[in-house]
Novice: 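Could you have a look at this structure, given as structure tokens, before my questions?
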There are 2 protein chains.
Amino acid sequence: MNNMTYGNFKHETTGTLMKKGFIALQDTYTAEKAISHLRKNVQGKTNIHYLYILNSDSQLIGVLSIRELLGASDDEWITHIMKTDIISFPTDLDQEEAAKVFRDKDLVSIPVVNRTNQLIGVIHVEEILDVIQQEADEDIRKLSASGKEIDFRTNPFVAAWRRLPWLVLLLFIGLISGGIIERFEATLEAVVALAFFMPMIAGMTGNTGTQSLAVVVRGLVSEDITFNKSMKLLFRELIVGIIIGITCAIVIAIIAFVWRGSLTLGLVVGSSLLATLIIGTLAGTVIPLLLYKFKVDPAVASGPLITTINDILSLLIYFGIATIFISKLM
Amino acid sequence: MNNMTYGNFKHETTGTLMKKGFIALQDTYTAEKAISHLRKNVQGKTNIHYLYILNSDSQLIGVLSIRELLGASDDEWITHIMKTDIISFPTDLDQEEAAKVFRDKDLVSIPVVNRTNQLIGVIHVEEILDVIQQEADEDIRKLSASGKEIDFRTNPFVAAWRRLPWLVLLLFIGLISGGIIERFEATLEAVVALAFFMPMIAGMTGNTGTQSLAVVVRGLVSEDITFNKSMKLLFRELIVGIIIGITCAIVIAIIAFVWRGSLTLGLVVGSSLLATLIIGTLAGTVIPLLLYKFKVDPAVASGPLITTINDILSLLIYFGIATIFISKLM
């Protein structure tokens with residue numbers, strides 16, 4: 001069995017993560033025989049925290065920690081002291097899912113079995129450290145659209161090349177906001193003061209969207225998202241958006257009124273911010289959930305993308321409301 | 001020794017992370033005696049991957065993996081087979097630093113010793129899984145300013161309450177950009193088309209800043225930052241900013257020229273974007289490095305903060321350049 005090759009297991013699955021150097025014991029052994037077998041076969045094995053008990057068909061029927069084996073008396077049958085409620089992985093489980101199991105169960109090794117329950121490898125927690133790290137890096141790339149694998153040593157040309165595609169895409173998306181403002185040129189020309197609040201409203205909508213995005217992206221690491229959970233989360237974020245929206249809207253309405261001396265301006269800016277914060281919060285929640293649902297590479301749901309979409313939404317709302325009240329604003 | 005209390009170790013250090021259930025062996029044992037000692041004392045111990053060899057003053061002088069012990073012949077002295085180049089932790093090491101060592105060295109357990117090198121506890125890799133997870137969550141909070149500990153189950157009022165302080169702060173900072181635009185009111189009134197490119201320029205500056213920030217924040221997880229490294233990174237990001245800036249500036253200058261039919265507008269928008277992208281990239285690098293250097297809580301260097309600061313810088317540059325060329329723009 002130790003001669004089996006890794007075969008063609010899928011990238012980033014339990015099949016490629018597992019190691020071969022485990023110790024298997026026949027189910028006919030006593031503790032004494034197991035220990036003596038162990039002492040003869042331990043050379044070259046890297047991790048022997050758990051011993052795996054196989055039946056005559058090489059199927060995994062029990063797990064025994066070395067601690068339990070050493071604590072047993074010599075003539076005890078290992079089938080009596082082994083654990084039979086085994087946590088094992090198939091060969092094609094995504095490494096992120098495997099990491100979740102390690103975190104939840106606090107185990108140092110988990111066996112990998114094939115479809116007929118034969119033991120073919122073991123995954124050790126040391127490998128999982130790297131998986132968790134990789135995952136976190138991936139999430140952070142999502143939130144910052146910073147391009148893959150840029151560290152302190154990446155040369156500037158490679159780093160720029162990896163970031164540019166995102167930036168150029170966002171440049172074009174950003175021009176949509178220019179198009180929106182152009183459509184409202186008359187409104188803006190009539191009341192130039194509207195421009196003063198434009199960056200703040202767009203920025204705040206982006207901020208609240210990024211906050212929601214972060215909650216979803218991190219949630220996906222440790223949770224399995226069901227439809228029910230998504231709906232509950234969406235409803236929660238709606239309430240959060242309303243609370244945040246009302247608070248910020250009151251603050252900005254007062255400031256706008258005091259600053260520019262126009263009650264209408266205060267109300268336009270305040271109600272715009274209320275609407276954009278609610279919509280921005282929902283966009284930051286719905287977009288990553290939808291991408292996840294449709295199995296689109298979640299790297300697309302990056303922070304800058306959410307921010308840019310929220311920019312566009314916020315300008316539409318802001319100038320839309322302002323245009324309605326244009327006669328009172330002038 | 002097993003009766004020692006945890007004492008008052010600092011939060012999130014090796015002292016609070018370590019566990020007591022280790023097995024220590026006297027340096028006078030043979031392999032056979034060690035195994036029999038182990039078999040008698042193994043009950044109630046959770047992790048026994050490594051055995052720790054102590055001298056008569058309880059000082060840690062060697063480490064022996066259970067694998068090596070079991071592979072040794074009965075009459076071997078354990079002092080002959082133990083490893084003496086021991087990796088150990090003091091009690092007051094930050095848990096993030098401890099996680100780095102686990103990642104680098106691929107170990108499952110690392111002993112913790114007091115100032116006189118007496119063994120007082122052991123940290124297991126299972127604990128480190130949680131540390132790495134916590135760290136990643138902290139980084140993501142930094143990048144999204146999403147407030148601490150908001151998950152899918154946090155109720156909406158608590159979630160809103162944790163996010164609001166950041167949003168209200170950013171609201172006020174965002175008003176600074178309003179003040180800047182107000183100062184350039186004459187320029188904006190003369191050429192309303194300048195407003196079209198405002199969100200794009202501000203957004204792009206925020207995006208490039210966030211990308212740089214992500215590289216720094218993630219870098220701090222696995223690197224010790226020296227002055228030299230900071231300078232090298234800063235220089236790298238300067239080059240990246242220049243490359244990104246030139247590329248995006250050329251694209252936008254052409255678009256602005258084609259869209260509005262003004263070569264001057266194209267040049268103003270293009271050169272502004274060049275300048276803001278370079279400055280935005282540097283701001284996203286320098287600000288978190290400075291905060292780290294001055295040991296300010298790095299959560300302050302959040303993505304939205306960088307974005308908001310970059311908004312302000314970009315508006316100053318954009319309107320500054322536009323005002324210089326105002327006569328040619330009209």
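Per chain, numbering begins at 1; letters A, B, ... match sequence-line order.
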Novice: Could you tell me which portion of B:Ala202 (side chain, backbone, both or neither) has an atom closer than 4.5 angstrom to a non-hydrogen atom of chain A?
Specialist: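 Neither; nothing under 4.5 Å.
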Novice: Using heavy-atom distances under 4.5 Å, tell me whether B:Ser73 contacts chain A through its side chain, its backbone, both, or neither.
Specialist: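 Backbone only.
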Novice: B:Phe235 versus chain A, heavy atoms under 4.5 Å apart: side chain, backbone, both or neither?
Specialist: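 No part of it gets close to chain A.
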Novice: Let's go through A:Val240 and B:Phe157 carefully: what are the C-alpha distance in whole Å and the side-chain angles of both, what is the deciding distance for side chain to side chain contact (heavy atoms under 4.5 Å, CB included) to 0.1 Å, and is it a yes or a no?
Specialist: CA-CA 7 Å; A:Val240 169; B:Phe157 297 94; over 6 Å; no
Novice: Return the set of residues passing side-chain contact (heavy atoms from CB on, under 4.5 Å) with A:Glu126 (not counting sequence neighbours), or none when no residue passes.
Specialist: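 Expected list: A:Asn47, A:His124, B:Asp106, B:Val108.
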Novice: Would you mind checking which part of B:Leu167 comes under 4.5 Å of any heavy atom in chain A, side chain (CB onward), backbone (N, CA, C, O), both or neither?
Specialist: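 Contact with chain A involves both backbone and side-chain atoms of B:Leu167.
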Novice: Tell me, for B:Leu38 versus chain A, whether the close heavy atoms (under 4.5 Å) come from the side chain, the backbone, both or neither.
Specialist: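 Side chain of B:Leu38 only, per the 4.5 Å heavy-atom cut-off to chain A.
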Novice: At a heavy-atom distance under 4.5 Å, which candidate from B:Leu175, B:Ile128, B:Asp311, B:Ile35 has the highest pair count against chain A?
Specialist: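 Highest number of pairs under 4.5 Å: B:Leu175.
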Novice: What part of B:Ile242 lies closer than 4.5 angstrom to a heavy atom of chain A: side chain, backbone, both or neither?
Specialist: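 Neither part.
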Novice: With a 4.5 angstrom heavy-atom cut-off, which part of B:Ala72 approaches chain A: side chain, backbone, both or neither?
Specialist: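 Contact with chain A: backbone only.
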Novice: Let me know if B:Leu273 has heavy atoms under 4.5 Å from chain A in its side chain, its backbone, both or neither.
Specialist: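 Side chain of B:Leu273 only, per the 4.5 Å heavy-atom cut-off to chain A.
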Novice: Any carboxylate oxygen within less than 4.0 angstrom of a Lys/Arg side-chain nitrogen, looking at A:Glu32 and B:Arg39?
Specialist: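 A salt bridge is absent here (no side-chain N lies under 4.0 Å from a carboxylate O).
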Novice: Write out all pairs satisfying side-chain hydrogen bond (donor to acceptor under 3.5 Å, both in side chains) with one or both partners inside residues 182-198 of chain A, taking only residues at least two apart or from two chains.
Specialist: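 Applying side-chain hydrogen bond (donor to acceptor under 3.5 Å, both in side chains) to every pair that reaches into residues 182-198 of chain A, excluding sequence neighbours, yields A:Glu182-B:Trp259, A:Glu182-B:Arg260, A:Thr187-A:Thr323.
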Novice: Which atoms of B:Ile201 are under 4.5 Å from chain A, going by heavy atoms: the side chain, the backbone, both sets, or neither?
Specialist: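 For B:Ile201, neither part sits under 4.5 Å from chain A.
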